[in-house]
Amino acid sequence: MIFRILNKPELRELFDVLAANRIIGPVQKGTSHDGKPLYVFEPVFDFNELKLDYTSTTRPAKRYFLPSHETLCTFSIHENGWEKSVDFNIHEPHVFFGMHACDINALDKLDKVLLESNFPTPYYAAKRKNMFIIGIECTPQPFCFCRSMGTDSAFHGFDMFLTDLGDRYFVEVQSVAAFNFLKNIKTREPEEKDHARYMELVAEKNRMFTTIVDTTDLAKILDMEFQSDVWKYWGDKCLSCGTCASVCPTCYCYGVEESVDIDLKGAKKKKHLYSCNLIDFAEVAGGHNFRPESHTRLKYRYYHKHRGFMEEFEESLCVGCGRCSEACLAKITVPEVIASVRSGVKPKRRSSRHGK
Amino acid sequence: MENRLPFVDILKGVSGFQRKSDLGSFEYSYKAEITNVYPLTQNEKLYQIQIVDPDMRRRFTFRPGQFVMLEVPGVGEAPFSISSSPVRHGDIELCIRNVGNLTNFLARVERGVQVGITGPFGTSFPLEDMIGQNIFLIAGGLGIAPLRSPVLSVLENRSRYANVDIIYGARQPSELLFTYQYDMWRKFDISLDIIVEKPDTQWNGPVGRTTDVLREKVTKAGSLLSNNTYAIVCGPPVMFKFVCNMLTEAGVPMQKMFVSLERRMHCGRGKCCRCNVGSTYTCLKGPVFDYWSVMNLKEAI
Ligand SMILES: Cc1cc2nc3c(=O)[nH]c(=O)nc-3n(C[C@H](O)[C@H](O)[C@H](O)COP(=O)(O)OP(=O)(O)OC[C@H]3O[C@@H](n4cnc5c(N)ncnc54)[C@H](O)[C@@H]3O)c2cc1C
Ligand code: SF4
Ligand code: SF4
Ligand code: FES
């Protein structure tokens with residue numbers, strides 16, 4: 001790995017160099033009811049809009065590589081048959097300016113199932129291969145538990161990674177593209193004092209995590225506790241709304257639908273991201289539903305993330321970003337669900353989060 | 001514009017769509033023609049479907065138990081077990097019950113319609129491992145659709161196997177599928193028992209469930225079952241559970257019994273997660289599982 005030091009004002013220069021491409025980054029979109037800023041990933045045209053000190057985005061950057069609705073192919077229908085044409089729905093590279101480690105890790109996890117296993121999906125591949133990612137160090141929030149999931153730092157899957165050392169950034173340079181871009185601006189070799197400051201900051205960050213999830217033997221425990229009553233407790237609260245999956249940077253389940261164009265000369269096959277919490281997720285023709293009760297669906301989501309993915313790839317399909325917990329109207333949080341499954345004890349009184 | 005990132009074309013230099021690892025294969029479907037449609041019962045029809053390109057047709061190979069995704073543009077795409085013999089390559093037969101969007105549409109089409117076929121997908125019945133052994137082929141209801149491919153394969157290689165017993169149960173005689181083939185199967189030295197739950201006035205065969213026939217057979221076979229017998233069981237979960245439990249009690253090892261599971265599927269490629277049982281992909285690790293694996297799957301039965 002190559003490390004560089006970049007003085008703060010130079011970052012704007014880097015932005016301008018990269019601006020020849022489409023840049024996506026964290027911007028403030030509004031304010032929550034309790035006065036906190038709400039951030040989203042959106043195209044950025046002006047460096048001043050970029051909020052690199054953002055806490056966390058309400059939604060992940062998923063829509064740029066796993067859009068919620070996507071046309072998989074179109075058909076032109078003629079008298080004797082049809083022709084199919086496929087488009088992967090990406091036509092230019094995207095620069096992602098300021099992704100947190102959890103979201104980069106989420107991409108690495110998605111790579112395992114969508115790129116590196118049998119039947120790689122070209123819709124994802126085409127977008128993923130056209131991402132230039134600048135990561136940025138973050139400040140742990142009360143709902144973050146990435147450290148418990150081993151995703152608090154990113155080792156690969158990005159082009160460069162910035163850590164704010166005060167008046168300068170510590171830069172990890174991972175790709176040759178990043179290295180070449182940096183040639184356009186002023187950087188220098190890190191010195192001992194930069195290393196020292198970097199390590200200080202990392203230690204400081206580690207002390208800031210307040211939410212811990214015990215993942216020891218979790219895959220096995222989920223199997224053992226498959227019939228646990230605790231699931232019913234959470235299932236009764238769950239509204240089966242699917243919000244958790246839609247805000248999750250690693251949820252990729254989907255459904256496919258076809259439709260005929262109004263002029264009857266064409267047809268479309270569309271994919272839409274789905275959620276295993278939605279009632280008809282496992283329903284088959286004729287009406288039989290393999291997971292009719294909400295607790296079986298909620299359990300399945302945990303089972304897939306913390307056991308199934310583990311079995312296959314030796315890691316869990318959760319990066320501990322806490323978005324699902326924040327977004328859930330029923331206040332179902334991953335740390336609480338896992339703790340209750342581990343202990344077999346239903347939470348007595350629901351903790352009121354954020355003093356609500 | 002040297003600061004423009006180059007656009008990466010993932011298909012550049014990739015011409016393949018044959019292997020599972022080819023990015024171009026994902027949305028590739030064989031163009032195929034429905035060359036014939038046979039009504040089998042009121043709700044099921046047999047479709048003969050031929051991959052149009054003769055080269056592709058020859059190169060299309062599958063193993064009994066595997067399934068294809070059949071697509072009608074604008075209508076839908078769904079998984080169906082291949083019901084024909086593997087020696088026919090891309091000249092396949094699917095036995096389809098009309099139950100929903102796509103299948104109701106198919107129930108109305110006539111021969112000559114062009115459809116898309118992708119696959120084959122999934123695991124298969126390990127017929128090579130069964131060489132020299134007795135085989136029980138047991139089907140309930142529409143389970144005969146996935147069972148017919150191994151049945152035909154066994155018929156074509158009859159000398160490789162010892163006793164072959166087919167037991168097929170349906171609710172009523174009018175629901176029996178492939179009635180025109182029973183005589184032929186019997187002529188190939190195969191024992192075929194058909195049993196229905198609700199007889200009509202013309203029925204003169206046995207009345208009851210597949211397990212009633214099976215019970216007699218396993219009692220006769222005695223302790224031999226433990227080392228000379230394989231079983232393939234296709235049907236609804238309650239049915240294969242009873243059958244497999246009976247066979248287990250009779251001494252057939254769980255790894256020598258195979259069942260085919262059915263789940264909702266939207267891709268067949270381990271991507272949509274709709275087919276998961278517990279956290280196992282039915283489309284990749286299945287649909288054919290040995291009974292030991294099924295016992296170890298959460299939410300399988
Ligand atoms: C491995 C496998 C083999 C099968 N083999 C056969 C067969 O040989 N003959 C036969 O008649 N049926 C078979 N089925 C069931 C068949 O796939 C469904 O009947 C079919 O999907 C119904 O589609 P539809 O559009 O008519 O129904 P709709 O209810 O309109 O379904 C819409 C979509 O939901 C999904 N879906 C609904 N039900 C099922 C289901 N049971 N299984 C999988 N996906 C479903 C499909 O993607 C379908 O396109 C098989 C299923 C599987 C999983
Ligand atoms: S967001 Fe909460 S209520 Fe909605 S499906 Fe997910 S767990 Fe259930
Ligand atoms: S499950 Fe929740 S905490 Fe885990 S990655 Fe998804 S949104 Fe983040
Ligand atoms: S059918 Fe999509 S994952 Fe199995």
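Residue numbers begin at 1 in each chain, while the letters A, B, ... track the order of the sequences.
- Annotation: side chain of B/Glu27 is in contact with side chain of A/Leu72 (closest heavy-atom distance under 4.5 Å).
- In this structure, the side chains of A/Phe281 and B/Cys273 come closer than 4.5 Å at one or more pairs of heavy atoms.
- Nearest heavy-atom pair across B/Gly268 and A/Phe119 is O-CE1, 4.5 Å.
- Using a 4.5 Å heavy-atom threshold, the side chains of A/Tyr274 and B/Cys272 count as separate.
- Contact of A/Asn80 with chain B is made through the backbone alone, with heavy-atom distances under 4.5 Å.
- Within a 6.0 Å sphere centred on NZ of B/Lys285, other residues, nucleotides and ligands contribute 12 heavy atoms or fewer.
- A/Lys84 places none of its side-chain heavy atoms less than 4.5 Å from the side chain of B/Tyr28.
- Between the side chain of A/Asn21 and the backbone N or O of B/Leu5, at least one donor-acceptor pair lies under 3.5 Å.
- In this structure, chain B has a heavy atom under 4.5 Å from the side chain of A/Phe88, while its backbone stays farther away.
- Of the listed residues (A/His94, A/Lys299, A/Arg291, A/Lys271), the greatest number of heavy-atom pairs within a distance under 4.5 Å of chain B belongs to A/Arg291.
- Of the charged side-chain nitrogens involved, at least one lies within less than 4.0 Å of a carboxylate oxygen, so that A/Lys269 and B/Glu77 count as a salt-bridged pair.
- In this structure, chain A has a heavy atom under 4.5 Å from the side chain of B/Leu284, while its backbone stays farther away.
- Residue-environment remark: NZ (A/Lys270) stays at or below the threshold of 12 foreign heavy atoms within 6.0 Å.
- Residues A/Trp82 and B/Gly116 come closest through the heavy atom pair CZ2-N, 3.5 Å.
- Both the backbone and the side chain of A/Thr121 come within contact range of chain B, with heavy atoms under 4.5 Å apart.
- For A/Tyr300, the part lying under 4.5 angstrom from a heavy atom of chain B is the side chain only.
- Both the backbone and the side chain of A/Ile90 have a heavy atom closer than 4.5 Å to some heavy atom of chain B.
- Counting heavy atoms from C-beta outward, B/Lys271 and A/Tyr124 have side chains that stay 4.5 Å or more apart.
- Chain B forms the most heavy-atom pairs under 4.5 Å with one residue out of A/Asn184, A/Ile77, A/Val260, A/Asn130, and that residue is A/Asn130.
- The line from CD1 of B/Ile10 to NZ of A/Lys127 is 9.0 Å long, rounded to the nearest 0.5 Å.
- Geometrically, B/Arg264 does not engage A/Phe290 in a cation-pi contact, judged by NZ or CZ lying under 6.0 Å from the ring centre and within 45° of the ring axis.
- Only the backbone of B/Val75 comes within less than 4.5 Å of a heavy atom in chain A; its side chain stays farther off.
- Contact of A/His288 with chain B is not made at all, since no heavy-atom distance falls under 4.5 Å.
- Atom CZ of B/Arg57 has more than 12 heavy atoms from other residues, nucleotides or ligands within 6.0 Å.
- In this structure the side chain of A/Glu312 never reaches within 4.5 angstrom of the side chain of B/Thr280, judged on heavy atoms.
- The choice from A/Asp223, A/Leu114, A/Val95 that makes the most heavy-atom pairs within less than 4.5 Å of chain B is A/Asp223.
- At least one donor-acceptor pair closer than 3.5 Å links the side chain of A/Glu258 to the backbone N or O of B/Gly74.
- Contacts of A/Cys253 with chain B are made by both backbone and side-chain atoms, with heavy-atom separations under 4.5 Å.
- Only the side chain of A/Val86 comes within less than 4.5 Å of a heavy atom in chain B; its backbone stays farther off.
- For A/Tyr252, the parts sitting under 4.5 Å from any heavy atom of chain B are the backbone and the side chain alike.
- Proximity to chain B (any heavy atom under 4.5 Å) is shown, for A/Tyr303, by both the backbone and the side chain.
- Contact count against chain B (heavy-atom pairs under 4.5 Å) is highest for A/Ala125 among A/Gly286, A/Ala125, A/Gly287, A/Ala282.
- Neither the backbone nor the side chain of B/Val113 comes within contact range of chain A, judged by heavy atoms closer than 4.5 Å.
- Counting heavy atoms from C-beta on, the side chains of B/Lys31 and A/Glu83 come closer than 4.5 Å.
- Neither the backbone nor the side chain of A/Glu257 has a heavy atom closer than 4.5 Å to any heavy atom of chain B.
- No side-chain heavy atom of B/Asn3 sits under 4.5 Å from any side-chain heavy atom of A/Leu18.
- The structure places CZ of B/Phe7 at 9.0 Å from CD of A/Glu92, a figure rounded to the nearest 0.5 Å.
- At most 12 heavy atoms of other shown residues, nucleotides or ligands fall within 6.0 angstrom of atom CZ in B/Phe242.
- Counting heavy-atom neighbours within 6.0 Å of A/Phe179 CZ, excluding the residue itself, gives a total of 12 or less.
- Between chain B and the options A/Ala267, A/Ala285, A/Pro93, heavy-atom pairs under 4.5 Å are most frequent for A/Pro93.
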